[in-house]
Number of protein chains: 2
Amino acid sequence: MTEDPRPAGAPTLEDVARAAGVSRATVSRVVNGVRNVDPVIQESVRQAVAATGYTPNRAARSLVTRRADSIALVVSGAGDDSAEDPADGPPEPADSPPDASAVGPDGANNSFTAHVFADPFFGRVVAGVVNYLRPRGMYPVLMFAETSRARDEVVSYLRQGSADGALVVSTHAEDPLPALITDAGLPAVLYARPARPARISYVDLAHQDGARLAAEHLLARGCRRIATITGPLDVPAGQDRLAGFRDTMARRGHPYIPIAEGRFTQESGETAMERLLAEHPDLDGVFAANDLMAVGACHVLREHGRRVPEDVAVVGFDDSSAALACRPPLTTVRQPVEEMAAEMARLLLDRLAGPDRSVTSVIFEPSLVVRGSA
Amino acid sequence: MTEDPRPAGAPTLEDVARAAGVSRATVSRVVNGVRNVDPVIQESVRQAVAATGYTPNRAARSLVTRRADSIALVVSGAGDDSAEDPADGPPEPADSPPDASAVGPDGANNSFTAHVFADPFFGRVVAGVVNYLRPRGMYPVLMFAETSRARDEVVSYLRQGSADGALVVSTHAEDPLPALITDAGLPAVLYARPARPARISYVDLAHQDGARLAAEHLLARGCRRIATITGPLDVPAGQDRLAGFRDTMARRGHPYIPIAEGRFTQESGETAMERLLAEHPDLDGVFAANDLMAVGACHVLREHGRRVPEDVAVVGFDDSSAALACRPPLTTVRQPVEEMAAEMARLLLDRLAGPDRSVTSVIFEPSLVVRGSA
DNA sequence: CCGTGCCGGGAGAGCGCTCTCCCATGTGCT
DNA sequence: AGCACATGGGAGAGCGCTCTCCCGGCACGG
């Protein structure tokens with residue numbers, strides 16, 4: 001082939017401009033709705049766009065605007081520790097070859113990714129984020145960061161401008177990712193207050209208030225021998241829910257509350273319930289720090305011949321889909337995850353729009369959803 | 001210094017080249033590992049890269065390579081019908097108003113996105129895709145396509161080069177999205193065979209074989225009055241699972257099998273089980289076409305005083321997290337969703353790498369996982 | 001000794017877009 | 001009239017990268 005100016009490539013601004021008999025700049029102005037353009041010309045440009053089937057090339061636009069118009073949604077946390085690599089390993093070549101093999105059958109820590117979505121919580125976060133982003137023509141890039149290598153990749157992804165900022169949901173306490181991101185001067189918003197204070201915006205729930213709702217409900221129901229299955233006590237959500245629960249109970253004349261620590265999984269809830277039941281066979285109320293553990297508790301209670309809620313009342317936390325899937329359906333403290341996730345996206349987009357680098361946090365109020373279990 | 005060439009922007013190839021005392025082209029060659037470069041120079045470039053903290057700008061690279069190095073993961077299907085537009089109805093104005101009212105505060109069909117992840121299935125797909133993509137330095141962009149407007153946006157997103165191809169998971173039968181994408185000449189791979197044949201690659205499960213496993217297991221267990229809760233009968237998975245089940249049962253001397261149609265949700269499983277129980281109070285075995293419905297069935301059975309598995313054996317399908325969350329844990333037909341999703345990603349990447357436009361499909365074999373419910 | 005390769009490096013032309021200038025018109029005021 | 005100024009359009013310079021050329025150097029064979 002000597003020369004073929006129109007091989008198969010998508011139409012460009014230039015093509016549209018030619019078709020409409022105007023300049024590239026004018027077409028660009030019409031397409032982006034910027035500045036005043038004569039209505040007549042506007043119309044002819046519109047027609048030319050339609051006629052050529054023009055779609056702006058995002059890479060070209062990004063190159064000059066320096067915006068990817070895309071954000072990363074990062075689920076961060078620790079996978080199984082066996083897969084965790086040392087923080088600062090050998091000085092790897094800056095850019096690893098495209099075919100980075102080396103880590104497991106498919107290179108990654110699959111157990112983490114596989115289990116994340118077993119918790120309905122993350123699905124709700126995704127839904128909330130997507131619902132906010134979508135009307136704005138944006139879609140999140142889904143990333144996981146459970147190893148230091150993966151964290152570096154997230155930072156690198158952001159640094160190369162593939163996304164303008166990050167929404168980070170951490171699953172454990174000492175997550176180094178937020179610091180990594182902000183240190184690199186990249187915009188990010190967290191779901192939930194970080195374990196150690198940092199200059200970073202976040203959305204969170206008034207966990208203590210939620211726990212108070214649960215305590216008051218159990219007491220109002222007439223429960224008198226109440227225990228709680230806590231979340232992991234190294235994360236703020238776990239701590240706060242316990243603190244709020246204990247506090248309220250103490251205030252109501254129950255200074256001592258048996259507790260068993262769980263890990264927010266159904267299985268850990270079962271174990272915790274077994275332990276609690278062994279030590280306090282006469283309990284009549286349980287507050288589990290999330291629904292998954294509450295479901296586990298219900299199973300164990302039933303296996304031990306206790307009826308829920310007649311013998312033992314159970315209150316969960318989150319109002320996740322697990323709460324409804326369970327029999328009886330769980331009475332639970334609702335966490336408006338979707339709205340919180342949407343707010344998180346809003347905060348990030350605001351930050352991206354205006355460079356007023358204010359760090360804010362938005363705290364949501366929980367509410368009690370009374371169903372069958374208590 | 002007369003000028004200040006380093007304002008605040010990230011270092012570019014040019015900067016690295018200057019630092020290493022070579023040309024842009026050479027740095028590019030080193031970074032991309034293409035062509036031979038003198039080892040000595042290579043090393044000095046590496047150091048310059050490290051010293052400057054260089055990260056290639058993705059937009060610039062995409063612009064010239066015409067690859068986004070990114071793919072879309074699209075969950076496609078019908079939201080609540082109220083928001084869905086007729087399949088081939090009146091020639092609707094191409095663009096419905098941006099603020100399609102009647103569908104939530106933020107203009108989108110939130111109920112769809114909110115419910116998608118209530119099914120643990122989608123989380124597994126995401127995990128499988130991410131696990132395959134991640135070692136290759138790619139991350140999926142998450143999109144939903146449940147309205148014609150959303151579908152157009154997906155196509156447009158792909159057309160503007162924001163992603164190189166799409167992985168499509170449909171939730172209902174007559175999904176127009178795959179056709180839309182392939183008509184636009186865009187690469188895509190489906191999860192599950194499309195309802196109407198199309199020139200498009202897909203991965204799928206040998207549903208009939210799975211149903212056979214379930215049937216044989218129930219029969220081997222001694223069940224004789226067996227019913228089935230089917231999936232929606234307008235989707236191939238629903239049809240095939242029923243066909244396989246009926247076929248095996250007929251072959252084994254059970255030509256008539258009571259059926260009740262569900263919609264793959266726990267609630268529909270409950271309704272179906274109620275119906276089945278009302279009409280056939282003496283049944284002793286149930287095959288539910290997915291785990292969610294099986295869980296619903298278990299609940300209803302228990303409420304009607306039937307013990308699982310002693311009185312009625314229940315077999316599910318999928319081996320989703322719901323199977324383990326349930327008491328007793330579900331005996332179920334395992335669908336290797338993660339592997340299938342990874343394969344789907346592999347097919348797409350292969351297609352993107354080599355333009356040998358072969359359309360292939362890969363069918364996975366299910367296996368039976370025996371747990372407590374049957 | 002001069003071709004003929006090959007090998008490793010540089011020059012430079014774009015990729016498609018945005019956006020700053022700049023210029024040709026109006027339009028209103030002195 | 002003369003001038004200031006707003007208005008709307010075009011020209012063109014890049015954004016940071018890849019990749020095709022091209023060219024100098026060196027080894028080899030005739």
Side-chain angles (χ1 to χ4, degrees), chain A residues 1-45 48-49 52-69 94-95 98 159-162 164, chain B residues 3 5-45 48-49 52-69 159-162 164:
Chain A
M1 307 293 167
T2 39
E3 193 83 26
D4 187 1
R6 190 88 320 119
T12 74
L13 259 197
E14 191 70 52
D15 298 328
V16 180
R18 206 177 307 124
V22 296
S23 73
R24 268 208 320 282
T26 300
V27 179
S28 174
R29 288 196 265 258
V30 172
V31 169
N32 297 302
V34 77
R35 263 186 52 172
N36 272 354
V37 175
D38 186 306
V40 179
I41 297 193
Q42 242 182 78
E43 185 47 33
S44 73
V45 168
V49 166
T52 52
Y54 171 75
T55 316
N57 177 306
R58 174 183 288 225
R61 176 178 286 175
S62 285
L63 183 56
V64 36
T65 58
R66 295 160 169 295
R67 298 281 251 86
D69 271 323
D95 239 29
R159 290 221 317 138
Q160 64 186 6
S162 305
D164 300 322
Chain B
E3 349 190 4
R6 188 85 329 107
T12 73
L13 258 197
E14 191 70 51
D15 299 325
V16 180
R18 205 176 307 126
V22 296
S23 72
R24 271 208 320 278
T26 301
V27 179
S28 174
R29 288 196 266 258
V30 172
V31 169
N32 298 302
V34 78
R35 260 186 55 171
N36 271 355
V37 175
D38 186 307
V40 177
I41 296 193
Q42 241 181 79
E43 185 46 32
S44 73
V45 168
V49 166
T52 52
Y54 171 74
T55 316
N57 177 305
R58 173 182 289 225
R61 178 178 283 176
S62 284
L63 184 57
V64 37
T65 59
R66 295 158 171 294
R67 298 279 251 92
D69 270 325
R159 289 221 320 140
Q160 65 185 5
S162 305
D164 300 323

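Proteins come first, then strands; the chains are lettered A, B, ... in the order of their sequence lines, and each starts at number 1. As a basis for the values below, the full set of heavy atoms in this structure was taken, side chains included, without hydrogen atoms, waters or symmetry mates.
Axis angle across the helix from dC1(C)-dG30(D) to dT30(C)-dA1(D), with five pairs used at each end and values rounded to 10°: 50°.
Looking at Arg58(A), its side chain never comes within 3.5 Å of a backbone N or O of Ala68(B) through a donor-acceptor pair. In terms of modelled atom types and a separation under 3.5 Å, the side chain of Arg67(B) and the main chain of Arg61(B) share no donor-acceptor contact. Listed for the Gln42(B) side chain is a donor-acceptor partner under 3.5 Å among the backbone atoms of Val37(B).
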Distances for protein N/O vs nucleotides 25-28 of chain D N/O pairs under 3.5 angstrom?
none

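Of all heavy-atom pairs between Pro11(B) and Thr52(B), the closest is CG-O, 3.2 Å. The shortest heavy-atom contact between Leu63(A) and Ala59(B) is N-CB, 3.8 Å. Contact record, Ser44(A) with Ala20(A): O-CB, 4.0 Å, taken as the closest heavy-atom pair. Counting all heavy atoms, side chain and backbone alike, Val22(A) lies closest to Ile41(A) at CG1-CG2, 3.8 Å.
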Legend entry - Steps toward side-chain contact (heavy atoms from CB on, under 4.5 Å) verdict (Val27(B), Arg24(B)): CA-CA 5 Å; Val27(B) 179; Arg24(B) 271 208 320 278; 5.9 Å; no
Legend entry - Protein proximity profile, nucleotides 8-18 of chain D - base contact B, sugar-phosphate-only contact S, no contact -, cut-off 4.0 Å on heavy atoms: BBBBBB-BBBB
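Remark: the Thr12(B) side chain and the Glu14(B) side chain contain no N/O donor-acceptor pair separated by less than 3.5 Å.
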